[in-house]
Amino acid sequence: MNALAVRDLHAGYGAGLVLQGVSLDVAEGEAAVLLGRNGAGKTTTISALVGFLRPRSGSVLVRGRDLTGAPPHVVARAGVALVPQGRRMFADLSVREHLTLTARSIAGGWDERRVLELFPALARRLGNRGDELSGGEQQMLAIGRALTRNPALLLLDEPSEGLAPKLVREVGDALVSLRATGLSILLVEQNLGLATHVGQRVHVMNKGTIVWSGTPAELAGARDVEARFLGV
Amino acid sequence: MSPELAFLQALNGISFGALLFILAAGLSLIFGMMDVVNLAHGAFYMLGAYIALSVVRTTGSFWVALVAVPLALGALGLVVEPLLLRRLRGRHLDQVLITVGVALVITDLIRLKPDWGAEVRTLPPPDALAGSIAILGNDYPVYRLFVIAFGVTLALSLAALHRRSRAGALIRAGVDDAQMLSALGVDTDRLFAVTYAIGAALAGLAGVVAAPVLGLQPGMDVEALVLSLIVVVVGGLGTLGGAQVGAALVGPADTFGKVFVPQFALFFIFAIMALVLLLRPSGLLGRIRVIR
Ligand SMILES: Nc1ncnc2c1ncn2[C@@H]1O[C@H](COP(=O)(O)OP(=O)(O)OP(=O)(O)O)[C@@H](O)[C@H]1O
Ligand SMILES: [Mg+2]
């Protein structure tokens with residue numbers, strides 16, 4: 001059974017349609033990447049998956065369970081966690097509160113202590129407010145906050161955005177170590193290096209549909225795909 | 001004005017500020033969480049005062065009213081939010097309009113109920129707080145001192161809950177980004193309903209506490225609404241601290257305004273509001289909200 005199965009998803013804002021039939025799978029334990037230019041519809045796809053945006057048609061299945069059009073808290077409780085574009089820290093919550101308030105604890109799972117082992121830099125900041133952190137710290141906290149949900153499927157929307165190269169590598173290494181734990185991941189990216197470092201399967205999106213799918217190695221050989229859908 | 005009289009007026013101002021805090025805290029909280037200016041707030045306040053009147057008439061106890069009224073108004077909030085506001089989620093103007101509708105229904109019902117009705121009513125303070133004590137050679141009503149103590153205690157307890165409890169953290173997070181909170185598994189529909197209920201309960205509580213000082217009469221709802229709007233605009237919409245600061249400023253300002261320029265008292269606090277809006281459009285403690 002797939003961790004995520006999206007079929008022919010149509011969604012948009014107001015009268016306009018942004019997603020025009022998106023289909024994609026994330027296998028159990030797989031790290032999949034969604035690539036695409038600015039405005040391709042990547043965040044819209046994520047929004048339709050987590051329930052921020054009600055799909056016009058199509059279906060969303062998480063581990064076989066139909067969650068099409070379900071409200072966000074239902075999707076979250078079905079095992080989906082989100083690291084959103086822009087990080088969306090709670091300005092008025094401390095770092096510790098970010099890691100405990102919405103935690104869903106399971107035996108041997110992710111909790112505050114294990115997140116601090118993964119991101120030791122956060123340990124010094126436990127008493128700080130969300131809006132007092134640097135960009136890199138915010139990104140670590142956004143990932144840590146999602147992990148305390150102990151998700152079956154982790155969605156990340158451009159975690160490298162606005163980060164210095166060194167921090168991008170750090171985030172990449174963290175994601176690879178998460179992949180190694182068997183967590184299913186869907187990573188939205190524009191940073192090709194990070195995408196191919198983490199991803200085992202790549203989907204390229206353009207104008208609201210998936211236009212190419214393959215492995216990172218195949219993508220390296222498909223120069224035309226890069227030129228047509230990814231280059232700036 | 002003699003220093004003694006000035007001191008007593010200052011006490012009056014602080015006691016009025018304490019009332020305004022109880023009233024405005026709920027309004028601010030509801031706006032912060034749901035982006036809705038709850039124009040039924042004055043009607044909730046008025047309903048609280050009239051229910052207190054009935055409770056005191058039947059049980060003879062002000063203290064029973066002090067507990068029962070917030071519970072009743074909280075229950076009303078728990079019905080109004082899911083039934084009316086939730087259906088209009090995302091349409092803020094429509095939501096505000098429906099709170100006007102709620103206010104009109106409540107005030108009409110109060111007017112129609114024969115033993116509440118259209119006349120001015122009074123609610124005596126509880127026996128234990130009925131008398132006066134001598135302060136600087138003048139008699140001062142004990143009940144007003146009780147209002148100060150009650151308001152300050154409530155402000156401190158609410159602030160502590162807001163800072164330290166899990167419910168407080170959920171409210172802080174929801175005020176900041178309710179959608180993100182929902183993606184982390186929190187049922188924000190429930191959170192909104194509970195927030196609205198807490199706001200309504202606080203308005204009702206203000207109605208009980210204010211009744212022995214300000215009395216009960218038609219129009220008290222609009223007066224309360226206007227004052228609490230001024231408080232939250234001055235202090236900053238959407239935060240508890242904003243309601244505290246706003247009330248601490250507007251309460252004394254209104255009292256001293258009435259002493260010095262009786263004809264222009266309302267003008268006086270409007271002027272303060274205009275000044276704050278000019279210098280700090282988001283209110284003294286308000287945060288600039290990011291539109292997503
Ligand atoms: N809230 C919104 N209301 C209306 N249109 C929107 C909204 N959000 C996005 N759009 C439009 O939908 C299209 C797809 O946007 P989307 O945010 O999904 O792109 P993206 O692939 O995530 O881009 P980026 O890499 O810049 O984040 C764009 O044309 C955008 O202008
Ligand atoms: Mg995006």
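Letters A, B, ... are given to chains in the order of the sequence lines, protein chains preceding strands, and every chain is numbered from 1.
Judged by distance alone, with hydrogens and angles left aside, the side-chain atoms of Asp92(A) form no donor-acceptor pair with the main-chain N or O of Arg172(B) at under 3.5 Å.
When the candidates Val74(A), Leu101(A), Thr100(A) are compared by the number of heavy-atom contacts under 4.5 Å with chain B, Leu101(A) comes out ahead. The greatest number of non-hydrogen atom pairs below 4.5 Å with chain B, out of Pro84(A), Pro72(A), Gly51(A), Ala81(A), is found for Pro72(A).
No more than 12 heavy atoms of other residues, nucleotides or ligands shown are found within 6.0 angstrom of CD on Glu223(B). Within 6.0 Å of CZ on Arg7(A) lie more than 12 heavy atoms contributed by other residues, nucleotides or ligands. With a 6.0 Å radius and a threshold of 12 heavy atoms from other residues, nucleotides or ligands, Arg163(B) has its CZ atom above the threshold. Residue Arg124(A) places its CZ atom among 12 or fewer non-hydrogen atoms of other residues, nucleotides or ligands, all under 6.0 Å distant.
In this structure the side chain of Phe90(A) reaches within 4.5 angstrom of the side chain of Met180(B), judged on heavy atoms. Proximity of His98(A) to Leu184(B): side-chain heavy atoms (C-beta onward) are nowhere separated by under 4.5 Å. Between Arg190(B) and His73(A), every side-chain heavy-atom pair lies at or beyond the 4.5 Å cut-off.
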Does the pair Arg77(A) and Asp187(B) meet the rule for a side chain to side chain contact (heavy atoms under 4.5 Å, CB included), with working shown? CA-CA 10 Å; Arg77(A) 289 174 191 181; Asp187(B) 182 350; 3.8 Å; yes
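Of all heavy-atom pairs between Gly185(B) and Ala76(A), the closest is N-CB, 3.4 Å.
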